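Quick one: the structure is below, and I'll ask about it shortly.
In this text the structure is predicted, and so the values were computed from the model without any measurement. For ligands, and for the atoms within them, numbers begin at 1 and follow the listed sequence.
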Amino acid sequence: MDVNGIEPGWVKAFSSDLAQARDKFLNAARAAGAARVESFDHQLAGPDGERLACDVAFFGNPAARHLIVTISGLHGVEGWAGSACQVAWCHEGQATRLPADVAMLHIHAINPWGMAWDRRQQEDNIDLNRHFVDFAKLPDDHEYSEHVADVMCPDTDPEVRRAADARLAAFLQRAGRRHYGMVLQGGQYHYPDAPSFGGAAPCWSHEVLDRILATHCARAERVVVCDFHTGYGPYGYGIPLWHLSPGRQLDKARLLFGPTLEAPLAGEGAEDEFIQHGHLYGHVMARLPGRDVIAMCFEFGGEVLRPGQRALLERADALMWRDRDPLEQETRDARRRWRQLHVPDRDDWREMVWVRGRQVLRELTARIGQID
Ligand SMILES: [Zn+2]
């Protein structure tokens with residue numbers, strides 16, 4: 001509520017559960033005149049037995065030369081900001097302001113199970129941003145096996161846990177940040193319970209995404225993907241994040257997203273950055289050959305954390321899902337805290353998200369046809 005007791009529009013665009021988010025998205029998309037609305041049902045249910053689905057809405061001319069694609073919920077629990085941006089974009093009548101040769105495709109909750117159950121991962125512990133690999137030729141992750149027991153060591157015996165942490169710290173010291181990150185966070189494909197698991201075969205979200213790309217994205221000459229996440233960066237601030245190698249597409253991304261774009265693998269300090277396998281962005285390029293694809297992550301910062309705290313919380317989340325019932329009270333509380341970390345329950349945060357979300361979608365709409 002603002003000082004006059006009026007709930008601003010951007011507050012209404014946020015949801016507290018997936019059923020509500022789906023309702024808001026589908027109603028807003030239809031009211032805003034979407035040319036096509038589609039739903040892809042998931043086989044599992046949410047914590048209250050609710051139906052789970054990924055919903056899609058296409059706006060503008062299907063033959064438009066330029067297409068903007070927004071994605072929410074790739075990392076499930078992070079999906080509430082992207083969902084709100086998609087809903088608010090519809091509420092504000094932005095669809096009527098699309099230029100004739102620009103179309104918009106909103107993909108809502110591409111990982112609906114993770115969004116409903118407060119997990120970054122899917123129901124099978126797959127991290128979707130480590131998942132888009134060639135499953136016949138998996139990245140080499142043999143070093144992960146030397147450390148997985150320490151990573152997944154439970155907290156129940158403090159002495160045992162301390163010893164495991166000491167071994168991980170020694171590995172970091174010995175290997176350096178880059179190699180340590182490559183091994184433990186770069187993506188692993190043989191330990192389904194452990195963090196950074198990329199899967200062993202294409203999962204449901206992968207197949208749904210490929211169908212959406214084939215149906216809606218193959219006609220455009222240029223496709224810009226803005227994949228909304230939360231949890232990286234300063235509280236509430238939106239950062240365009242380029243995960244691929246530098247090159248012409250990065251130059252174009254800089255023109256589209258402006259000077260705040262971060263590209264860890266380009267420029268100063270790039271040699272210290274570790275590569276993560278299986279991001280969505282290279283996959284979209286491979287799926288749309290001959291198209292000018294500029295595929296980006298867009299991160300909104302969540303709660304402020306101490307250095308190193310995030311890694312501890314991620315481990316606790318992995319152990320909880322391995323060992324506990326997700327519906328018992330203690331687990332429900334932990335899930336709620338985990339969500340608030342990514343999506344702070346404050347109106348100032350929500351306002352920052354939509355100010356930046358509106359800005360970036362407006363800039364993309366204006367610039368997508370002008371960067372040649
Ligand atoms: Zn994420």
For the pair H279 (side chain) and Y281 (backbone), establish whether a donor and an acceptor sit closer than 3.5 Å, ignoring hydrogens and angles. no
Would you say C297 reaches the Zn ion (ligand 1) with an N/O/S atom under 2.8 Å?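 For C297, the answer is no, given that no N, O or S atom comes within less than 2.8 Å of the Zn ion (ligand 1).
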Using atom types as modelled, flag every donor-acceptor pair under 3.5 Å from a side chain in residues 293-307 to any protein atom, sequence neighbours excluded.
{"residue": "E299", "atom": "OE1", "partner": "Y232", "partner atom": "N", "Å": "3.3"}

Residues that D210 engages under salt bridge (charged side-chain N to carboxylate O under 4.0 Å, His left out), provided they are two or more places apart: R287
Decide, counting backbone as well as side-chain atoms, whether E78 has an N, O or S atom less than 2.8 Å from the Zn ion (ligand 1).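 So E78 counts as coordinating the Zn ion (ligand 1), yes.
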Decide, yes or no, whether a salt bridge links R119 with D317 under the criterion of side-chain N to carboxylate O below 4.0 Å. yes
Nearest N/O/S atom of H75 with respect to the Zn ion (ligand 1), by atom name, please. ND1
If you look at H229, which of its N/O/S atoms is nearest to the Zn ion (ligand 1)? ND1
